[in-house]
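A quick write-up on the structure given underneath.
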Amino acid sequence: MELSRNELIQARRLGVIRGASAEGFGHASPAFSTMGAMYLESPVSDHSLPLLTGLNPEQEAAVTLPAEHALILAGAGSGKTRVLTTRIAWLLQTGQVSPGGVLAVTFTNKAAKELLTRLTAMLPLNARGMWIGTFHGLCNRFLRAHYKLANLPQSFQILDTQDQLSAIKRLCKQFNIDDERFPPKQLQWFIAGCKEDGERPSDVVARDEETRKKIEIYQLYEDQCQREGVVDFGELMLRSYELLRDNDAVREHYRRRFRHVLIDEFQDTNRLQYAWIKMIVGLPSESGGAVLAVGDDDQSIYAFRGARVGNMEDFVREFEVRHQIKLEENYRSYSNILDSANHLISHNKKRLGKNLRTSQGAGEPVRVYESATDFAEAEWVVEELRQLVRGDGFSRSEIAILYRSNAQSRVIETQLFNAGVPYRVYGGLRFFERAEIKHALAYLRLLENSRDDTSFLRVVNFPPRGIGARSIEQLQDAARAAGSSLHDAVTSISGKAGANLAGFVAQIDVLREQTAGSTLREIIETVLHSSGLVDHYRADKEGADRIENLEELVNAAESFVTQEGFGRDAVALPVDEHGTPLTQSPVSQGLDPDAPVLNDAFVAPIDAETGETLSPLAAFLTHAALEAGDNQAQAGQEAVQLMSVHASKGLEFDAVFITGLEEGLFPHENSMSDYEGVEEERRLMYVAITRARKRLYLSHAQTRMLHGKTRYHVRSRFLEELPEGALKWITPKRSGFGSGFGSGSGAGFNAGARGTGMAQPAWGRSGIGVETFASPPVPPQKAAPSHGIRAGIKVFHTKFGEGKVQAVEGVGDDARAQVNFPRHGVKWLALSVAKLTVVD
DNA sequence: AATGTTAGAGTTTTT
DNA sequence: CTCTAACATT
């Protein structure tokens with residue numbers, strides 16, 4: 001029995017499958033230390049500090065480097081985060097730097113949190129003045145502090161990817177841009193790409209007419225964002241970079257301030273981020289602080305979004321790096337797993353060169369399994385999984401099933417579901433991306449910034465209040481004519497449409513006044529009810545979940561205020577070189593004075609001169625935009641983890657299954673055309689392998705349902721690139737039936753090659769080679785006139801059960817077989833339609 | 001304005 | 001196959 005997507009989703013909702021529901025949202029980050037400024041213990045300089053115990057020589061060398069530029073090549077599982085945190089702690093403890101002089105930047109909020117958590121656990125330090133966060137978070141903080149210089153409104157809003165796309169769509173409509181020639185998605189990609197390369201419209205080279213037009217649209221988009229007081233993710237970076245570049249005073253201030261700049265996952269930085277680093281630190285000739293870049297070129301898997309491994313070489317050259325340390329001791333995996341990873345990645349030419357080693361034993365061999373179908377592959381995974389849990393005592397949450405693309409999860413989910421194995425799927429909608437949450441946030445954003453047309457359009461008629469497409473068009477024309485926001489253009493619309501629009505605007509304006517001085521919680525609750533959102537969803541019979549999520553939004557806001565403060569991302573804290581705040585300010589309005597103060601950001605003025613602070617609401621909206629919401633919060637359930645290989649980066653598990661190791665899938669067909677693409681896919685495989693601590697399982701299927709068609713796949717070249725000695729090839733159990741699959745659950749077994757084409761492919765090797773294949777096996781596509789069905793053999797049909805083939809006639813799509821089913825009699829079946837599996 | 005129909009597309013993902 | 005978005009219909 002297969003479950004439809006909807007059924008799966010429904011099942012998850014009902015909690016049959018744990019995880020993946022709204023529960024996964026929370027703010028677990030620990031409180032910032034609120035202790036006084038005790039960062040400076042008595043300066044110590046000897047190396048027998050407790051901090052350094054347990055570090056291996058390379059790690060210790062990295063931690064105790066002098067204040068000079070350095071590159072740490074940190075292999076998977078080599079204690080990278082430990083080095084980063086210990087380095088910071090060591091610098092602080094030995095009095096070489098004050099918290100205000102530290103800048104540590106990561107890519108994800110999760111990594112930033114982890115850094116902070118582990119750091120505060122190490123040292124009773126005051127987080128005051130430390131800049132630890134994501135690139136975007138820090139840029140936001142910076143722009144909030146210098147919004148005037150950056151030419152932004154004080155309460156500028158951040159567009160996420162969805163918002164950006166709808167802004168572009170709106171723009172295209174307004175300027176009658178042919179969306180066939182210029183699909184909004186493509187424009188979005190173009191604009192984001194330009195910004196990642198640090199290019200404004202005027203910087204982009206118009207190679208051809210099409211590009212020229214795109215540049216024009218890019219410019220229009222920029223104008224629109226500026227007019228509306230919003231910035232997209234790329235803009236946060238780019239504008240920060242430009243301000244540093246163009247304003248000598250600001251640049252010098254930060255260069256003097258940050259004595260130590262630490263960069264995590266350096267191989268994932270894009271051009272602009274690297275340029276930003278150069279700007280905020282300064283090259284050696286410009287006497288800035290010391291940069292400690294930590295990265296692993298072998299784990300660079302984000303080229304598709306602008307990551308540029310070349311930054312590592314550029315860094316070494318431009319910063320005249322004299323310290324390069326390789327962390328090659330792996331503390332995670334047994335050597336069979338590690339050897340596999342090393343052997344695989346050695347096939348890449350473009351490498352800085354690194355070889356992981358471990359003092360652990362060989363461990364179990366890496367198991368490789370070939371199955372006939374994706375379905376059978378999933379069955380095998382579930383079976384092995386049971387063995388791991390029941391037989392070998394593995395904890396389910398310590399087992400991961402990885403795949404190259406998310407679509408692959410479905411088959412596996414179905415099997416897990418049928419077997420009653422709790423599982424949890426990573427990826428998918430994040431909390432702040434849900435439609436109802438975005439609606440609520442749009443109202444809130446309008447309170448902050450009535451010029452935000454994207455938000456205006458999102459909720460002007462949601463819940464429906466009789467404002468149709470025509471009225472909106474009229475309004476957009478009026479706004480364009482007047483050069484004003486939609487909000488302000490409403491007064492120029494007359495008639496019924498005008499009255500409705502005026503009603504909406506009045507509602508927003510009233511809400512704004514009404515909630516002035518309220519706490520964040522009160523504001524949100526008022527907005528949720530006055531806007532009609534709650535009523536709307538209450539009327540909807542399927543709105544219960546949405547209401548729940550809206551309630552969760554209130555909770556999120558509450559915990560934002562009380563637990564996280566207004567977040568380190570909210571505002572910048574102007575400080576002097578020693579990290580001492582330049583201004584003290586009263587707690588901002590609407591806050592419980594007894595609430596723990598966790599981060600200065602939240603009491604700090606964003607404007608050092610006027611002492612103005614960011615409102616709690618503005619801070620929360622920023623938080624919502626920069627942190628899409630953990631959908632990965634620990635459910636506490638003992639559930640198997642399902643995720644894409646990309647999503648697994650940075651995680652580790654006792655046992656890992658890597659599925660779908662097939663040419664075209666992994667490596668993905670879209671990456672196979674060029675060499676660079678294949679190398680990145682190989683790095684991806686490397687990442688996948690190195691996730692495993694004790695057990696590693698690799699599998700591939702001969703046929704797979706993809707886009708509704710059965711596709712035939714040769715096994716992945718990556719399998720041929722593993723060291724034979726570390727592997728154990730498992731002979732597939734043929735076609736399922738009675739072949740000793742545990743509890744003998746025979747239901748819906750091995751539907752075989754479903755859909756069109758042949759049934760069981762005939763090229764299935766019985767024992768896939770013990771020897772390494774120098775060249776990949778002959779692709780089966782053409783070589784299979786044999787559907788494998790001939791007179792005399794036994795076949796299995798999903799409806800009719802097992803039967804004996806009596807005759808076969810016709811070729812290709814016309815092929816038919818006469819089958820005698822004991823229970824249903826003799827049938828003629830079209831092989832292109834019937835679901836037949838060969839039974840041995 | 002709500003609901004049904006059809007065409008088209010379909011890696012990887014964070015901010 | 002399965003999801004989405006745009007279009008058409010009531």
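So you know, we letter chains A, B, ... as the sequences are listed, proteins then strands, and number each from 1. Since we're looking at a predicted model, the values are computed, not measured.
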Practice task
Select one nucleotide: of B:dT12, B:dT15, B:dT11, the one nearest the side-chain heavy atoms of A:T108.
Solution key: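 Closest nucleotide to the A:T108 side chain: B:dT15.
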Exercise for the section: Kindly point out which of B:dT11, B:dT15, B:dT12 is positioned nearest to the side chain of A:S671? Expected result: B:dT11
Problem - A:D160 or A:H536, whichever maps to the more 5' nucleotide of DNA chain B - result: A:H536
Practice task
Would you kindly give the CG-to-C1' distance between A:L626 and B:dT15, to the nearest whole Å?
Solution key: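 About 7 Å, once rounded to whole Å.
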Exercise for the section: Round to the nearest Å and state the distance from A:E180 atom CD to C:dA5 atom C1'. Expected result: 13 Å
Handout entry: Parallel, tilted or perpendicular: rings of A:Y302 and A:H646 (30°, 60°)
Key = tilted
When the aromatic ring centroids of [X] and [Y] are compared, is their separation below 6.0 Å?
X      : Y      : result
A:Y147 : A:F156 : no
A:Y686 : A:H347 : no
A:F456 : A:F504 : yes

Within the pair [X] and [N], is there a side-chain N or O less than 4.0 Å away from OP1 or OP2?
X      : N      : result
A:S644 : B:dT13 : yes
A:R305 : B:dT11 : no
A:N406 : B:dT13 : yes
A:N109 : B:dT15 : yes

For [X], answer base if it contacts any base atom (sugar-phosphate contacts may also be present), sugar-phosphate if it contacts only those atoms, and nothing otherwise; contact means non-hydrogen atoms under 4.0 Å.
X      : answer
A:F107 : sugar-phosphate
A:E681 : base
A:F135 : nothing
A:G234 : nothing

Handout entry: Pairwise distance CZ(A:R200) to CG(A:L238) - rounded to 0.5 angstrom
Key = 4.0 Å
Practice task
Return yes if the base of B:dT15 and the side-chain atoms of A:T161 contain a donor-acceptor N/O pair under 3.5 Å, otherwise no.
Solution key: yes
Practice task
Measure the distance between the ring centre of A:F304 and the centre of the six-membered base ring of B:dT12, then answer whether it is under 5.5 Å with planes under 30°.
Solution key: yes
